[in-house]
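Computed from a prediction, not measured in an experiment: that's the story for all the values here.
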Amino acid sequence: MRQIGILLPRSGVYPTMTFDIVDGFKGALNTWGAENYELKTAGIAHGGNNKEIYTACEQLILNGASIIVGYINPSTVAALEPLMKASNTLMISLDAGYHLQSPTHQPQNTFTVSLQGTLAARITPYIAAKHGVGKFAFTCSFYDAGYRIPFGLFNGSTDNNCEIVFNHTTKLKKNEFTIEPLTTYIAHNKDTAIFSATCGDMTKELFEAAANSTAFNDVPWFASSFTAEESWLSQMPFPNTNISVIVPWGRNLDNPENEVFSSKMKEKNRAPNVFSLLGWEAGQIIAEALKHTELSAQIAALKESTFSTPRGSLRFHPDTLEAIMPMYEGTIVRNENSGTCRLALSDAIPDDIVRMNYEKLRTESALLEDGNTSWFNSYGCLD
């Protein structure tokens with residue numbers, strides 16, 4: 001029997017994260033006909049301590065796992081790669097895409113499936129410029145400020161002749177939360193659009209504040225992809241203006257694969273979300289790998305395969321072994337039934353735009369090597 005190890009972080013903001021990943025993973029394995037396997041799990045706290053994650057991963061391998069799946073950071077992938085090679089183990093790395101892969105790291109045993117959050121931020125000014133936007137007021141939570149969303153946005157703005165003319169970071173403590181500086185700026189600069197980077201309860205605070213002000217009613221507003229995460233979005237008060245987003249997926253994405261995925265999650269009494277999506281895609285990939293006994297054959301098969309997933313076609317980049325996936329324009333709008341928010345999807349971003357921005361982001365990220373700071377935990381994994 002083949003053993004598969006899963007590295008699972010925890011999150012107070014997304015408390016069902018681990019269960020979503022595992023249910024999505026199991027659902028895909030069963031759907032794609034994988035048999036004779038056993039799952040073993042290991043907790044990795046918030047995914048921020050590479051030494052602890054290495055130990056947990058090593059123990060899974062010593063206990064018989066020949067394949068590892070984990071919601072982990074690119075820096076963790078680089079730290080685990082020697083272990084993967086020494087133990088002849090295949091790894092599938094999952095992440096939100098809010099950290100960046102090292103441009104100097106050449107993975108051999110590890111394939112990455114990402115939600116491409118920083119890439120979405122880099123593409124946003126391209127979308128905004130088409131609508132005549134030339135200036136952004138950038139606001140983000142203290143939490144989101146520790147990731148690469150600003151890096152993607154700022155580089156994309158330069159590429160598309162847009163300016164960042166205002167920066168605002170909300171404070172860490174909820175009792176000190178205010179968007180007054182942003183409100184004042186927008187009230188006096190009506191020619192400026194907003195880009196906000198928040199997630200979970202931090203988005204709720206932002207939307208509540210905006211809903212109690214008239215300053216944002218006619219202002220073009222763009223946001224990071226996790227702002228539109230649907231399990232939280234349904235709890236959000238509508239901020240009295242539509243918000244444009246670029247997202248990797250949405251529940252109402254119209255394709256047969258998404259229908260199957262959604263139905264399998266509902267059978268588990270779970271609403272499908274981005275974490276069960278990542279688990280599902282990992283399951284599809286592992287189902288293919290399990291058709292082969294030798295690691296070399298597994299790696300060759302994954303490099304050559306194309307997978308039809310709930311968000312579209314998945315194929316791995318030949319050098320980075322990262323899946324560059326379709327991305328979609330979307331709008332956060334009012335849910336007329338509840339008065340809260342919902343995500344309305346529209347067109348896919350042209351594939352050539354996605355790939356061009358991916359390559360540019362890789363080039364730009366080389367400038368951050370050995371000269372940057374960041375939160376260490378996996379995105380969304382905090383109490």
Side-chain angles (χ1 to χ4, degrees), residues 73-75 95-103 105 112-131 133-169 193-199 202-203 220-229 243-249 274 311 317 320 322-330 348-369 371-375 377-380:
N73 292 327
S75 61
D95 75 8
Y98 277 30
H99 290 91
L100 296 173
Q101 279 200 1
S102 167
H105 178 235
T112 296
V113 181
S114 170
L115 297 175
Q116 305 177 143
T118 298
L119 180 58
R122 197 192 191 287
I123 297 172
T124 297
Y126 162 79
I127 301 298
K130 292 198 303 181
H131 296 283
V133 171
K135 297 178 181 179
F136 281 111
F138 176 64
T139 184
C140 67
S141 69
F142 184 89
Y143 178 69
D144 283 77
Y147 297 95
R148 297 301 177 217
I149 308 100
F151 185 75
L153 175 69
F154 287 25
N155 282 290
S157 296
T158 300
D159 243 19
N160 291 279
N161 298 314
C162 294
E163 293 182 90
I164 309 296
V165 294
F166 177 84
N167 288 284
H168 172 242
T169 302
I194 296 169
F195 183 95
S196 60
T198 57
C199 72
M202 291 154 277
T203 300
W221 189 336
F222 300 81
S224 59
S225 54
F226 251 82
T227 301
E229 194 281 312
I243 300 175
S244 299
V245 291
I246 295 176
V247 293
W249 167 86
V274 290
R311 54 173 156 164
H317 189 287
T320 66
E322 182 175 16
I324 314 306
M325 302 288 289
M327 306 182 82
Y328 299 89
E329 291 189 60
I349 306 294
D351 183 67
D352 61 328
I353 297 298
V354 173
R355 292 186 176 275
M356 177 187 71
N357 279 274
Y358 174 79
E359 295 296 344
K360 286 188 174 183
L361 190 58
R362 274 183 53 77
T363 300
E364 292 154 358
S365 66
L367 302 175
L368 291 175
E369 287 292 288
N372 66 92
T373 58
S374 174
W375 305 138
N377 59 304
S378 298
Y379 187 82

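- Closest approach of F195 and S224 over heavy atoms only: CZ-N, 3.6 Å.
- Between atom CD1 of residue I127 and atom CD1 of residue I246 there is a gap of 5.0 Å, rounded to the nearest 0.5 Å.
- When all heavy atoms of V113 and R311 are compared, the pair lying nearest together is CG1-NH2, 3.4 Å.
- The minimum heavy-atom distance linking T227 with S196 is given by the pair OG1-O, 4.0 Å.
- A donor-acceptor contact shorter than 3.5 Å is absent between the side chain of E322 and the backbone of S114.
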| request: For the pair Y98 and S374, evaluate side chain to side chain donor-acceptor pair (under 3.5 Å) and give the outcome as yes or no after the intermediate values. | output: CA-CA 10 Å; Y98 277 30; S374 174; over 6 Å; no
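- Between the CG atom in L153 and the CZ atom in F138 there is a gap of 6.0 Å [rounded to 0.5 Å].
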| message | One pair to check against side-chain contact (heavy atoms from CB on, under 4.5 Å): F226 and V274. What are the steps and the verdict? | response | CA-CA 9 Å; F226 251 82; V274 290; 4.1 Å; yes
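- Using cut-offs of 30° and 60° for the angle between ring planes, the Y358 and H317 rings count as tilted.
- A 4.5 Å side-chain heavy-atom check between V354 and I324 finds at least one atom pair inside the cut-off.
- Note: Y147 and Y379 have perpendicular aromatic rings, judged against thresholds of 30 and 60 degrees for the angle between ring planes.
- With T118 contributing its side chain and G97 its backbone, the two residues share a donor-acceptor pair below 3.5 Å.
- Of the inter-residue distances, the one linking D144 atom CG with T139 atom OG1 reads 10.0 Å to the nearest 0.5 angstrom.
- Checking L119, D351, V247 one by one against M327, the side-chain contact (heavy atoms from CB on, under 4.5 Å) holds for a single residue, L119.
- Atoms CD and CG, from E364 and D159 in turn, are 6.5 Å apart once rounded to the nearest 0.5 Å.
- Taking all atoms of both residues into account, the shortest heavy-atom contact from P74 to H99 is CD-CB, 3.6 Å.
- Atoms CG and CG, on N160 and N357 in that order, are 7.5 Å from each other to the nearest 0.5 Å.
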| query | I123 and I353: side-chain contact (heavy atoms from CB on, under 4.5 Å), yes or no, with the steps? | reply | CA-CA 8 Å; I123 297 172; I353 297 298; 4.2 Å; yes
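- Y143 places a side-chain N or O within donor-acceptor distance of the main-chain N or O of G380, the cut-off being under 3.5 Å.
- Note: Q116 CD to L361 CG = 10.5 Å, rounded to the nearest 0.5 Å.
- The shortest distance between side-chain heavy atoms of N167 and F154 falls below 4.5 Å.
- Between Q101 and S365, the shortest heavy-atom distance links the atoms O-OG, 4.0 Å.
- Listed here is the closest heavy atom pair of V133 and A193: CG1-CB, 3.6 Å.
- A distance-only check finds no donor-acceptor pair linking the side chain of S244 to the backbone of F222 [under 3.5 Å].
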